[in-house]
Amino acid sequence: MITTGDLKKGLTIEMDGELYRILDWQHIKLARGSAQVRLKLRNLRSGATITHTCQAGSRFARARLDRAHVQYLYHDGDLYYFMDTDTFEQRAMNKEDLAEAIDYLKDNLELDILSYEGEPIEVELPITVDLEVTATEPGFKGDTATGGTKPATLETGLTIQVPLFIEIGDVVRVDTRYGTYIERA
């Protein structure tokens, strides 16, 4: 059990039989009465974001998530297959469970799968992924006075904004947290 004093972003708690990841929290002290804590939570199963207010000092059950280091292998329809790098066991996840992570999955990518009581909950991508540009318009010198950008489609189907000098076939490093271009790899 953890109290409101131990809360921090990224922590996973169990509340009302559901798993929640703490996105943000705020301690509020009112003029009269006791202090309260306002939590912004994301349900790990449904993906819904809620706001929950509780009294300071409330206790929550900390959810213990199992982490497995895996390698992405392939997908077949709506199922995506991963191999555990320790046991070489294969496991599959549904397209809906992966959400935006699908935009960064390429063959042999290593990542972590978080599971609760044997049920895969979510994937934890590396911070950056190198992806090849498959489609973009040519950028011409003199198009802009400052560093301009143009849309580029990557090998996974993700479209991001890249600098004008990026061409088809270039490999770019993408930040998976924000879906933004970092540098040419």
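Side chains are part of it too, since the values below use all heavy atoms of this structure and drop only hydrogens, waters and symmetry mates.
Follow the hydrophobic side-chain contacts under 4.5 Å out from V123 and you never reach L65; the two are in separate clusters. Under the 4.5 Å side-chain heavy-atom criterion for grouping Ile, Leu, Val, Met, Phe, Trp and Tyr, L11 is connected to W25 within one hydrophobic cluster. A single hydrophobic cluster is seen to contain both V70 and V129, as judged by linkage of ILVMFWY side chains at heavy-atom distances under 4.5 Å, directly or through other members. L19 is not connected to L39 by any chain of hydrophobic side-chain contacts under 4.5 Å among Ile, Leu, Val, Met, Phe, Trp and Tyr, and they are in different clusters. Hydrophobic cluster membership differs between L73 and I102, with clusters built from Ile, Leu, Val, Met, Phe, Trp and Tyr side chains linked at under 4.5 angstrom.
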Below 3.5 Å, can you tabulate the donor-acceptor pairs from side chains in residues 48-57 to any protein atom, sequence neighbours excluded?
unit_1 : atom_1 : unit_2 : atom_2 : d
Q55    : OE1    : S34    : OG     : 2.3

Under 3.5 Å donor-acceptor pairs involving side-chain atoms of residues 88-95, not counting sequence neighbours:
none

Side-chain donor-acceptor contacts of residues 153-176 below 3.5 Å, not counting sequence neighbours, with atom names and distances?
unit_1 : atom_1 : unit_2 : atom_2 : d
E155   : OE2    : E132   : N      : 2.8
T156   : OG1    : D103   : O      : 2.5
Q161   : OE1    : T149   : OG1    : 3.2
D170   : OD2    : E167   : N      : 2.9
R173   : NE     : D130   : OD1    : 2.8
R173   : NH1    : E183   : OE2    : 2.6
R173   : NH2    : D130   : OD2    : 3.1
D175   : OD1    : R177   : N      : 2.9
D175   : OD1    : R177   : NE     : 3.2
D175   : OD2    : R177   : NH2    : 2.9
T176   : OG1    : P126   : O      : 2.6
T176   : OG1    : I127   : O      : 3.1

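Here the shortest heavy-atom pairing between A35 and K29 reads CB-CD, 4.1 Å. Smallest separation of non-hydrogen atoms from V133 and A152: CG1-CB, 4.1 Å.
Qualifying side-chain hydrogen bond (donor to acceptor under 3.5 Å, both in side chains) partners for N43, counting only residues two or more places apart in sequence or in other chains: E18. By the side-chain hydrogen bond (donor to acceptor under 3.5 Å, both in side chains) test, E14 pairs with Y116, sequence neighbours left out. Q26 is linked by a side-chain hydrogen bond (donor to acceptor under 3.5 Å, both in side chains) to nothing, counting only residues two or more places apart in sequence or in another chain. Not counting sequence neighbours, H27 has no partner by the side-chain hydrogen bond (donor to acceptor under 3.5 Å, both in side chains) test. Evaluation of the ring pair (Phe, Tyr, Trp, His ring centres under 6.0 Å) rule for Y72 yields F82 as partners, not counting sequence neighbours.
Annotation: salt bridge (charged side-chain N to carboxylate O under 4.0 Å, His left out) contacts involving residues 114-126, sequence neighbours excluded, comprise R21-E122, R42-E122, R45-E119, R67-E124. Sorted pairs that involve residues 49-59 and meet salt bridge (charged side-chain N to carboxylate O under 4.0 Å, His left out), not counting sequence neighbours, are lacking altogether.
We find the OG1-CD1 distance between T12 and I22 to be 8.0 Å, quoted to the nearest 0.5 Å. Put simply, CZ on F60 and CG on D6 are 11.0 Å apart, with the number rounded to the nearest 0.5 Å. Atom CD1 of I13 is separated from atom CG of L41 by 5.0 Å, given to the nearest 0.5 angstrom. Here L105 contributes atom CG and L131 contributes atom CG; the two are 10.0 Å apart, rounded to the nearest 0.5 Å.
In terms of modelled atom types and a separation under 3.5 Å, the side chain of Y20 and the main chain of L23 share no donor-acceptor contact. A side-chain donor-acceptor contact under 3.5 Å links T85 to the backbone of H69.
Cluster partners of I182, using a side-chain heavy-atom cutoff of under 4.5 Å among ILVMFWY residues and allowing indirect links: none. Within the hydrophobic cluster formed by Ile, Leu, Val, Met, Phe, Trp and Tyr side chains joined at under 4.5 Å, directly or through other members, Y178 stands alone, with no partner residue.
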